[in-house]
Amino acid sequence: ELEREGIARDFINLVQKKRKDLDLGYTDRILIRYATDGENAKAFHEHDATLRRETLADLVEAGSKAAGWDEEELGQTRCAFSVEKA
């Protein structure tokens, strides 16, 4: 359980860095899409409310990796994700 919380926190940090890279405003709402599995997927599901609150996301959605997504090592596996302004 603590490991999944840590994974969710690490993902929040990745999303916040991406917000900065995209030059989004502090109060801009975003959409997050991700493709991952195992403990990462469980962590994102269990901590969905925290992910939304701390990143100002209107949507946090699992899906299939698409062209142009970022990909990072997260926990024990890779995580592909996209962040865009809502």
Side-chain angles (χ1 to χ4, degrees):
E1 186 175 308
L2 288 175
E3 183 177 338
R4 289 190 301 273
E5 182 178 350
I7 289 169
R9 292 272 171 214
D10 289 345
F11 187 60
I12 289 168
N13 288 333
L14 290 174
V15 169
Q16 297 295 37
K17 287 178 187 174
K18 186 65 179 178
R19 283 180 68 99
K20 185 176 179 179
D21 291 347
L22 294 171
D23 200 29
L24 296 175
Y26 178 73
T27 59
D28 287 342
R29 305 296 297 184
I30 62 171
L31 308 174
I32 302 170
R33 292 182 175 83
Y34 66 87
T36 193
D37 57 13
E39 290 298 304
N40 290 356
K42 283 183 183 180
F44 298 167
H45 178 72
E46 288 175 7
H47 299 280
D48 180 75
T50 302
L51 289 170
R52 290 172 190 267
R53 182 180 63 250
E54 293 196 15
T55 63
L56 298 179
D58 288 340
L59 172 76
V60 178
E61 178 179 67
S64 298
K65 180 182 171 186
W69 283 20
D70 293 279
E71 192 167 353
E72 297 284 341
E73 194 72 31
L74 190 62
Q76 303 277 330
T77 189
R78 304 284 296 166
C79 177
F81 68 100
S82 72
V83 175
E84 62 185 79
K85 189 172 178 179

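In this chain, residues are counted from 1 in sequence order. Scope of the values below: all heavy atoms of this structure, side chains included, with no hydrogens, waters or symmetry mates.
- If you chain together hydrophobic residues whose side chains sit under 4.5 Å apart, Ile12 and Leu59 never meet in one group.
- Leu24 is not connected to Leu31 by any chain of hydrophobic side-chain contacts under 4.5 Å among Ile, Leu, Val, Met, Phe, Trp and Tyr, and they are in different clusters.
- Listed here is the closest heavy atom pair of Ala35 and Ser64: CB-C, 4.1 Å.
- The structure places CG of Leu51 at 8.0 Å from OH of Tyr34, a figure rounded to the nearest 0.5 Å.
- For the pair Glu54 and Arg9, the minimum side-chain heavy-atom distance is below 4.5 Å.
- Legend: residues meeting side chain to side chain donor-acceptor pair (under 3.5 Å) with Lys85, ordered by chain and number and at least two apart, are absent.
- Under the 4.5 Å side-chain criterion, counting only non-hydrogen atoms from C-beta, Val83 is not in contact with Thr55.
- Taking 4.5 Å as the limit, every side-chain heavy atom of Tyr26 sits out of range of all side-chain heavy atoms of Leu56.
- Contact annotation: the side chain of Glu84 approaches that of Arg33 to within less than 4.5 Å [non-hydrogen atoms, C-beta and beyond].
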side-chain contact (heavy atoms from CB on, under 4.5 Å) evaluation trace for Ile7 with Lys42: CA-CA 10 Å; Ile7 289 169; Lys42 283 183 183 180; over 6 Å; no

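- Put simply, the side chain of Asp10 does not reach to within 4.5 Å of the side chain of Glu72, judged on heavy atoms.
- Between Ile30 and Arg19, the closest heavy-atom pair is CG2-NH1, 3.2 Å.
- One finds the OG atom of Ser82 at 12.0 Å from the NZ atom of Lys65 (value rounded to the nearest 0.5 Å).
- Side-chain contact between Ile32 and Arg52: absent, with no pair of heavy atoms (C-beta onward) separated by less than 4.5 Å.
- Summarising the geometry, atom CG belonging to Leu22 is positioned 14.5 Å from atom NZ belonging to Lys17; distances are rounded to the nearest 0.5 Å.
- For CD of Glu73, the number of neighbouring non-hydrogen atoms (other residues, nucleotides, ligands) closer than 6.0 Å is greater than 12.
- No side-chain heavy atom of Phe81 sits less than 4.5 Å from a side-chain heavy atom of Thr36.
- Expressed to the nearest 0.5 Å, how far NE2 of His47 lies from CZ of Arg4 amounts to 7.0 Å.
- Judged by distance alone, with hydrogens and angles left aside, the side-chain atoms of Asn40 form a donor-acceptor pair with the main-chain N or O of Leu74 at under 3.5 Å.
- Under the 4.5 Å side-chain heavy-atom criterion for grouping Ile, Leu, Val, Met, Phe, Trp and Tyr, Trp69 is not connected to Leu14 through any hydrophobic cluster.
- For Arg53, there are no side chain to side chain donor-acceptor pair (under 3.5 Å) partners two or more places apart in sequence or in a different chain.
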